[in-house]
Each structure stands twice: as structure tokens, then as C-alpha cells.
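Here the structure is laid out as C-alpha cells; the discussion comes afterwards.
Numbers here are sequence positions counted from 1.
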Amino acid sequence: METPEFLCWAIEQQCSLRELLPENQPDKVERHLRAARYAAEARAQNRVQSDLARSADGLLGFSIRDALAMYGGEEAVRETCGPCPANALARLRQPSYAGCFGLLPVPTASQSFYQQFNDLPADLFPRTTIAWYGLWMPSPLTLAQVECLVARFASVTASPEWSDDLSLREFAAALQTCADNQLPLSVQLYPAGQIDGPWWNLVAHCDKCRAPWQSIAGKCGMCGLARCPADGKKRRVRGTRPYRPIEQLTT
Ligand SMILES: [Zn+2]
């Protein structure tokens, strides 16, 4: 199975749920807070019966009490995330627990999507052949960079082609939240990949700009910085945690 190129983002904000997490590593935030997010999404979509949250297709489930115990329980999560200035997704739905991170897969019509970012001010971001790749080289983004992207993502999400894309709307809400509350936004771009059994293999890519590797005159053809592709690190597939097959859940 193929996986698309995607952006992992997290608003930098210390809180009791994120106490031991390193800064500027959005993938770790996603892994650590995913259970809280899934619980809130299940509640918002009426997929919770007593303590059991079911997936939209009904095949997977998890116990909200068990999954949220590591944060001190659902009440503690509600109290922490409710008033939090980094809870960007509270702009889109309620309840919203851990609305401070997200994943943005690049839409399938990727070329026309990339083109939306070609004319951003050249002095704000590192220069790359396709401007999109330069946007995510700095992390966390500065306030000036965030403010520039707020306007652009607002216009992209308003266009009919992408208005139904929830991940895009979530990222636009994150940008707006960071601009309004002056919070840093950390970002990491992941290249497209392939799932092979338990392994998730990314295509050969540049370590600096994360674009698929294409060498021009001995350097990355996208950013001109790297001289060889990134080391092919072994990655495990993301898995469905905290969701598990319903038949494996004990009551
Ligand atoms: Zn590069």
C-alpha cells in the first residue's frame, strides 16, 4: 500500500499532557496524544457507547477509560485542553482534546496544490525549485512565516477544489491559532512511502528539504543543499492504536 507525502504539525505549548515530550518533534506529539484526539473525535461523532469508542466503520474500538488513563483520565484531559490556547481544532468541533497537532496529506492532485504556493515572498522561506518544499525546511516557523501562510491556506481551503479537505481545514485552523495567540508551530514533512508488512519505507529523499531525491550536478535538485539522499531508516507502520479489533476487546 502506498502512503502519500504528508506534513506532520504541532503547536508548541507545554502542558501536563505533554510534560516529557521534546520540543519541535511533532511526530512524537502525534504519537503521544493520538488516543486523546481519537476519544474526542469519537465523542463528537456520537461513536461512543458507555465507555467504548468505535471506529467509523464499526470494526475497531477502544475503552476511553483505559486509553486516557495515561493522561490522568478524560476529566483531566477536558480540563487541560478546554481552555488551552493551542487547541486549534476547537475552532472546528467540540469536544476537542489535544487539538494542537495534526497530519496533512498532500492532496492527490498534488501538482495543482503545489502551485498554490509558488508566489509567496521569496525572502521568507528557503528557496526550492517547487516552493512548497522550502516552506517546511524551517521549524518551528517564525511568526512572519505563519502569518504569510495563514492567508495562503485560507484562500486554498476556500477554493472549491479543496474546501472538503478536513486535514487542510485543520492545518488552516492551526496557522490561524498560532497567529492569533503568538505560538510557535513545528512542522515536519514526510515523503511518500510504501507499507510492506510491518515496515513503512519512504522513497529516497533529501534530508534537508525532504523532496523525493533527484540529483542535479551532484546535489539535491530541489534545494541544492544535500549531496546524497537521507539514510534509509527502518520505520514501523503507524498501526491503529488505541483502536483494536472489536472482537479482541474484553468488556
Ligand atoms: Zn533538498
Are [X] and [Y] close enough that some pair of their side-chain heavy atoms sits under 4.5 Å apart?
| X | Y | value |
| --- | --- | --- |
| Leu52 | Ile246 | yes |
| Leu17 | Cys81 | yes |
| Cys206 | Cys223 | yes |

Is a donor from one side chain sitting under 3.5 angstrom from an acceptor on the other, for Tyr190 and Arg210?
no
Can you tell me if CZ on Arg235 sees more than 12 non-hydrogen neighbours from other groups inside 6.0 Å?
yes
Please work out which of the three classes, parallel, tilted or perpendicular, describes the rings of Trp132 and Phe117, given edges at 30° and 60°.
tilted
Between Met137 and Thr128, is a side chain to side chain contact (heavy atoms under 4.5 Å, CB included) present by the stated rule, with each step listed?
CA-CA 10 Å; Met137 288 172 70; Thr128 44; 3.9 Å; yes
Stepwise salt bridge (charged side-chain N to carboxylate O under 4.0 Å, His left out) test for Asp165 and Arg169
CA-CA 6 Å; Asp165 189 322; Arg169 287 174 52 217; over 6 Å; no
Below 4.0 angstrom, N of the basic side chain to O of the carboxylate: do Glu30 and Arg37 qualify?
no
With a 4.0 Å cut-off, would you call Glu23 and Arg18 a salt bridge?
no
When you measure from the side chain of Ser186 to the backbone of Glu12, do you find a donor-acceptor pair of N or O atoms at a distance under 3.5 Å?
no
Quick one: side chains of residues 141-161, donor-acceptor pairs under 3.5 Å with protein atoms, not counting sequence neighbours, listed by atom name and distance.
| residue | atom | partner | partner atom | Å |
| --- | --- | --- | --- | --- |
| Thr142 | OG1 | Gln145 | N | 3.1 |
| Thr142 | OG1 | Gln145 | OE1 | 3.3 |
| Gln145 | OE1 | Thr142 | N | 2.8 |
| Gln145 | NE2 | Leu124 | O | 2.9 |
| Arg152 | NH1 | Gln116 | O | 2.6 |
| Arg152 | NH1 | Asp119 | OD1 | 2.6 |
| Ser155 | OG | Arg152 | O | 3.1 |
| Thr157 | OG1 | Phe153 | O | 2.8 |
| Thr157 | OG1 | Ala154 | O | 3.1 |
| Ser159 | OG | Val156 | O | 3.1 |
| Glu161 | OE2 | Ser112 | OG | 3.4 |

